[in-house]
Amino acid sequence: METQNTENGQIEVWTPEEVAKALDAGEIALIDVRTPQEYMFEHVAGAMLLPMAFFRTDRLPSQEGKRVVFYCGSSMRSGKMAEKALAEGFGPVAHMKDGFAGWKA
């Protein structure tokens, strides 16, 4: 796992392999921040949808017992949503490196 420094703290950047292992073990809640259309076309099985356009930090699941990890198509939107969540006091936060494209690769 890598980390990314922001003005509001650190964001964890997980590889698709790390996400897959943690998801299979039930250790994370995976949040897809893409559009509903993108999600309906294809998504990571077990991921919850919370589109960037409707993103509200106060609607995120508790991290008690599970880490929340965001993902999108390429990791640009998920990085922005991780920064937003961190800025609003939700943390620690993580997102998946290379997004869904990395997951499929």
Side-chain angles (χ1 to χ4, degrees):
M1 168 186 10
E2 301 171 15
T3 58
Q4 174 185 343
N5 291 318
T6 72
E7 63 183 51
N8 295 302
Q10 272 191 345
I11 295 173
E12 297 172 356
V13 182
W14 292 31
T15 65
E17 294 80 15
E18 290 169 324
V19 170
K21 183 178 177 183
L23 187 61
D24 286 344
E27 298 171 346
I28 64 170
L30 188 58
I31 309 291
D32 188 328
V33 299
R34 299 175 305 152
T35 66
Q37 293 82 3
E38 289 172 299
Y39 182 87
M40 287 174 22
F41 181 67
E42 60 183 347
H43 61 272
V44 176
M48 295 176 276
L49 178 63
L50 182 56
M52 184 176 172
F54 306 108
F55 190 89
R56 287 184 46 188
T57 302
D58 64 339
R59 300 293 186 199
L60 291 170
S62 164
Q63 292 203 88
E64 191 170 317
K66 290 189 181 196
R67 173 65 49 91
V68 171
V69 179
F70 303 107
Y71 83 95
C72 64
S74 67
S75 78
M76 293 299 292
R77 290 174 283 181
S78 61
K80 289 178 183 177
M81 294 303 91
E83 284 187 49
K84 176 180 170 78
L86 191 61
E88 293 179 4
F90 185 87
V93 294
H95 78 109
M96 185 166 68
K97 182 177 184 174
D98 299 324
F100 193 62
W103 179 270
K104 291 192 306 184

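In this structure, the separation between CD on Glu12 and NE2 on His95 is 10.5 Å, given to the nearest 0.5 Å. Atom OG of Ser74 and atom NZ of Lys97 lie 13.0 Å apart (nearest 0.5 Å). Once rounded to the nearest 0.5 Å, the distance linking CG of Asn8 with CG of Asn5 reads 11.5 Å.
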Would you mind writing out the side-chain donor-acceptor pairs for residues 98-105 within the sub-3.5 Å range, not counting sequence neighbours?
residue : atom : partner : partner atom : Å
Lys104  : NZ   : Glu42   : OE2          : 2.9

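In terms of the salt bridge (charged side-chain N to carboxylate O under 4.0 Å, His left out) criterion, Glu27 has no residue partners (sequence neighbours excluded). By the ring pair (Phe, Tyr, Trp, His ring centres under 6.0 Å) test, Tyr71 pairs with no residue at all, sequence neighbours left out. Not counting sequence neighbours, Thr6 has no partner by the side chain to side chain donor-acceptor pair (under 3.5 Å) test. In terms of the salt bridge (charged side-chain N to carboxylate O under 4.0 Å, His left out) criterion, residue partners of Arg56 (sequence neighbours excluded) are, by chain and number, Asp58. Residues satisfying the side-chain contact (heavy atoms from CB on, under 4.5 Å) criterion with Glu64, sequence neighbours excluded, are Ser62. The salt bridge (charged side-chain N to carboxylate O under 4.0 Å, His left out) test applied to Glu83 returns no partner, not counting sequence neighbours. With sequence neighbours left out, the salt bridge (charged side-chain N to carboxylate O under 4.0 Å, His left out) criterion links Glu17 to no other residue.
Under a 4.5 Å side-chain heavy-atom cut-off, the cluster of Ile, Leu, Val, Met, Phe, Trp and Tyr residues that includes Ile11 is completed by Ile31, Val33, Met48, Leu50, Met52, Phe55, Leu60, Val68, Phe70, Met81, Leu86, Phe90, Val93.
Across all their heavy atoms, Glu88 and Thr57 have their closest contact at OE1-OG1, 2.6 Å. Across all non-hydrogen atoms, the minimal contact from Ser75 to Cys72 is N-SG, 3.1 Å.
A 4.5 Å side-chain heavy-atom check between Ile28 and Lys66 finds every atom pair outside the cut-off. Val13 is not listed as a side-chain neighbour of Met1, based on a closest heavy-atom distance of 4.5 Å or more.
Residue pairs meeting the ring pair (Phe, Tyr, Trp, His ring centres under 6.0 Å) criterion with at least one partner in residues 13-39, sequence neighbours excluded, are Tyr39-His43.
Side-chain atoms of Gln63 come within 3.5 Å of backbone N or O of Pro92 as a donor-acceptor pair.
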